[in-house]
Amino acid sequence: MTEVTKICCIGAGYVGGPTMAVIAKKCPHIQVTVVDLNEARIAAWNDKDTNNIPIYEPGLSDVVAEARGRNLFFSTEVDKAIHEAQMIFISVNTPTKTYGAGKGQAADLKWIELCARQIASVAKDNKIIVEKSTLPVRTASAIKDILTHTGNNVQFQILSNPEFLAEGTAIEDLDAPDRVLIGGDSTPEGKMAVQALVDVYANWIPRERILTTNVWSSELSKLTANAFLAQRVSSINSLTEICEQTEADINEVARAIGTDSRIGPKFLKASVGFGGSCFQKDILNLVYIARSYGLQEVADYWEQVIIMNDHQKRRFANQIIKNLYNTVNGKKITFLGWAFKKDTNDTRESAAIYVADHLLYEQADIAVYDPKVPESQVYADLDYLRTREQEENKKGVSVFKDPYEACKGSHAIAVLTEWDEFKGYDWQRIYDNMLKPAKIFDGRNLLDADKLRAIGFQVRSIGTNVLEK
Ligand code: UDX
Ligand code: UDX
């Protein structure tokens, strides 16, 4: 295998876009072309003003500004990019199936298969195919099957190279990852393909941080990493309920256990529930795989992480209802934050969606403010649940561009995302314009509760038992 000089990536989303931008930045000698079927998305990536690229991620627009047009290209010409590249990353979405066998659990591999078929029909010379999307274990063999049976008699090597970047810190994570994982065959051709990808990353990542394994270990490691991380969040969240019944404070408990070096301080932040495109999907995948091998106890074990997370979201909504004298009918409740975490405009599986849905069921009047999420996305997220007619979602939810307007005249504020800017608001001004008693439900333990209480707010922070005075 000769040195890689041309890379193509299929899928210009939250993973493909930032990952390729950083590869292009770090490897000026490699031409990187990101392709996508979605013309509007590609047009946005090519927008003259790099502040208008379709994904909000701190530092990303600078990286794109530096590399775009030099060795980073965004295009809808999928065939051409596949044809030219020696190495093709597949970074298309793999949502949970919404139909048929495995509905609600298994990953829908429709797009992956389509990509494989397209690569097979276009490729005229040997290619290395890199799975970037998170996939069920043994997907590589399905891809290989399609490529070898429908291709033009050229050789394909399939590598698994799962992404560990977290949204909101994607550029830092890509710049200095804890590790890069590459899975490949142990045949001589497989080893050469692995080496070719190692060489790409070695342009900026120390070699000892580039781990190589067999394909299946690599695929399973990605699911396992996300399952462990999500499990930590569900574990700490399960304890918030105990804290609220006792004199314990979840922040103190997290600090106390986090100083044990075996446990470590990260991922112990209590919340209204984890969201994002990966955690739930990957655990469901793990559960589905375990069930399909008849491993009932293993499946039940991991499923509990999701059950706990769903419980946490519902519990938060129920607390709001209970505290507003058991009825929210017609009451304005302001949501600060809609994204699934701070510093991203991504809302997939955000807890806010489910909390809003529950409150809408109780006929609340919801006002939403999020610094980065547009109005259309809020409605799209609620409509996607199909709980009620689109008109009803429009009627029950209003989206604001100004946080003070969003809070004006409301009975309660619920903090759903931990955006830093919420901490710096003029809370006295917000208090003065709210109905009394003015309540705050802090689903992220973000705000300074004592300061707010001094103003007059009644505050409930998740995992503390201090009730309103
Ligand atoms: C990623 C990963 O790839 C997925 O495995 C992970 O578990 C979730 O996150 P992400 O980049 O976040 O996906 O998804 P998304 O932002 O939806 O981007 C995927 C892109 O692929 C979309 O822009 C879509 O238009 C494109 N696509 C999809 C194609 O270009 N061709 C297809 O056949 C299907
Ligand atoms: C995750 C993994 O971290 C990343 O390695 C993988 O590649 C993709 O999935 P992401 O979903 O982007 O990344 O964000 P992450 O920071 O993991 O947060 C996921 C969710 O957990 C968010 O809703 C976040 O608010 C929540 N969370 C995280 C908590 O509630 N408490 C914590 O302590 C940490």
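Read the numbers this way: they start at 1 and go in the same order the structure lists the ligands and their atoms.
Protein heavy atom in closest approach to atom 20 (C) of ligand 1: Asp36 OD2, 3.4 Å. Atom 26 (C) of ligand 2 has its closest protein heavy atom at Phe274 CB, 3.8 Å. Annotation: atom 5 (O) of ligand 1 to nearest protein heavy atom, Thr134 N, 2.7 Å. When only non-hydrogen protein atoms are considered, atom 14 (O) of ligand 1 lies nearest to Arg348 NH1, 3.4 Å. Annotation: atom 1 (C) of ligand 1 to nearest protein heavy atom, Val15 CG2, 3.4 Å. From the protein, the heavy atom lying nearest to atom 18 (O) of ligand 1 is Gly13 CA, 3.2 Å. Considering only non-hydrogen protein atoms, atom 21 (O) of ligand 1 sits nearest to Gly11 CA, 3.4 Å. Residue, atom and distance of the protein heavy atom nearest to atom 16 (O) of ligand 2 are Lys341 NZ, 2.7 Å. The single protein non-hydrogen atom nearest to atom 27 (N) of ligand 1 is Val92 CG1, 3.7 Å, given as residue, atom name and distance. Closest to atom 2 (C) of ligand 2, if we only count protein heavy atoms, is Asn226 OD1, 3.4 Å. Nearest protein heavy-atom neighbour of atom 12 (O) of ligand 2: Glu167 N, 2.8 Å. Counting only heavy atoms of the protein, atom 28 (C) of ligand 1 lies nearest to Asn93 OD1, 3.5 Å.
Counting atoms of ligand 2 from 1 in the listed order, those under 4.0 Å from a heavy atom of Leu229 are 3 (O). If you number the atoms of ligand 1 from 1 as listed, the ones under 4.0 Å from a heavy atom of Cys278 come out as 6 (C), 7 (O), 8 (C). With ligand atoms numbered from 1 in the order given, ligand 2 contributes 7 (O) to contacts under 4.0 Å with heavy atoms of Glu163. Each of the following atoms of ligand 2 lies closer than 4.0 Å to a heavy atom of Leu268: 33 (O). Atoms of ligand 2 lying under 4.0 Å from any heavy atom of Lys269, numbered from 1 in the order shown and given with element: 29 (C), 30 (O), 31 (N), 32 (C), 33 (O). Near Asn38, the atoms of ligand 1 lying under 4.0 angstrom from a non-hydrogen atom of the residue are 25 (O). Within ligand 1, counting atoms from 1 as listed, the ones closer than 4.0 Å to a heavy atom of Leu37 are 29 (C), 30 (O), 31 (N), 32 (C), 33 (O). Per-residue contacts place Ser271 under 4.0 angstrom from the following atoms of ligand 2 (heavy atoms of the residue considered): 29 (C), 30 (O). Each of the following atoms of ligand 1 lies closer than 4.0 Å to a heavy atom of Ser91: 3 (O), 19 (C).
A donor-acceptor pair is defined here as one N or O able to donate and one able to accept, closer than 3.5 Å; no such pair exists between the side chain of Ser218 and the backbone of Asn214. Without hydrogens or angle criteria, Ser217 side chain to Thr213 main chain gives no donor-acceptor distance under 3.5 Å. At least one donor-acceptor pair under 3.5 Å links the side chain of Arg232 to the backbone N or O of Lys266. A distance-only check finds a donor-acceptor pair linking the side chain of Asp370 to the backbone of Val373 [under 3.5 Å]. At least one donor-acceptor pair under 3.5 Å links the side chain of Ser133 to the backbone N or O of Val92. No donor-acceptor distance shorter than 3.5 angstrom exists from the side chain of Asp442 to the backbone of Ala449, with no hydrogens or angles considered.
In terms of polar-atom proximity, defined here as any N/O pair under 3.5 Å, Phe164 does make such a contact with ligand 2. In terms of polar-atom proximity, defined here as any N/O pair under 3.5 Å, Gly275 does make such a contact with ligand 2.
Lys372 and Glu421 are not joined by a salt bridge, as no carboxylate oxygen comes within less than 4.0 angstrom of a charged side-chain nitrogen. A salt bridge does not link Asp178 with Arg209: none of the charged nitrogens is closer than 4.0 Å to a carboxylate oxygen.
The 12-atom threshold is exceeded at NE2 of His311, counting heavy atoms of other residues, nucleotides or ligands nearer than 6.0 Å. For Glu208, the CD atom sits in a packed shell: over 12 heavy atoms of surrounding residues, nucleotides or ligands are nearer than 6.0 Å.
Close to ligand 2: Arg444, with a non-hydrogen atom less than 4.0 angstrom away. Proximity of Lys222 to ligand 2 is established by a heavy-atom distance of less than 4.0 Å. Between Leu114 and ligand 1 there is no heavy-atom distance shorter than 4.0 Å.
Side-chain contact annotation: Lys281 with Thr94, donor-acceptor N/O pair under 3.5 Å present. For the 3.5 Å distance criterion, the side chains of Arg315 and Thr240 qualify, holding a donor opposite an acceptor. A donor atom on one side chain and an acceptor atom on the other are not found under 3.5 Å apart for Trp419 and Asp343. Asp79 and Gln118 share a donor-acceptor pair across their side chains, judged by distance under 3.5 Å alone.
The part of Ser277 lying near ligand 1 is the side chain, judged by heavy-atom distances below 4.0 Å. Counting heavy atoms under 4.0 Å from ligand 1, residue Lys281 touches it through the side chain alone. Contacts of Lys132 with ligand 1, taken as heavy-atom pairs under 4.0 Å, are absent altogether.
The side-chain tip of Lys132 does not point at the ring of Phe89 from less than 6.0 angstrom away and within 45° of straight on. For Arg348 and Phe340, the positive end is not near the middle of the six-membered ring at less than 6.0 Å and at most 45° from its axis. A cation-pi contact links Lys313 to Tyr354, judged by a cut-off of 6.0 Å to the six-membered ring centre and 45° from its axis.
Heavy-atom proximity to atom 10 (P) of ligand 2, evaluated over Tyr14, Phe279, Phe340, is greatest for Phe340. Summarising the contacts of atom 29 (C) of ligand 2 with Asp282, Thr169, Val233, the nearest heavy atom is found in Val233.
To the nearest 0.5 Å, atom OG of residue Ser121 and atom CG of residue Asn152 are 7.5 Å apart.
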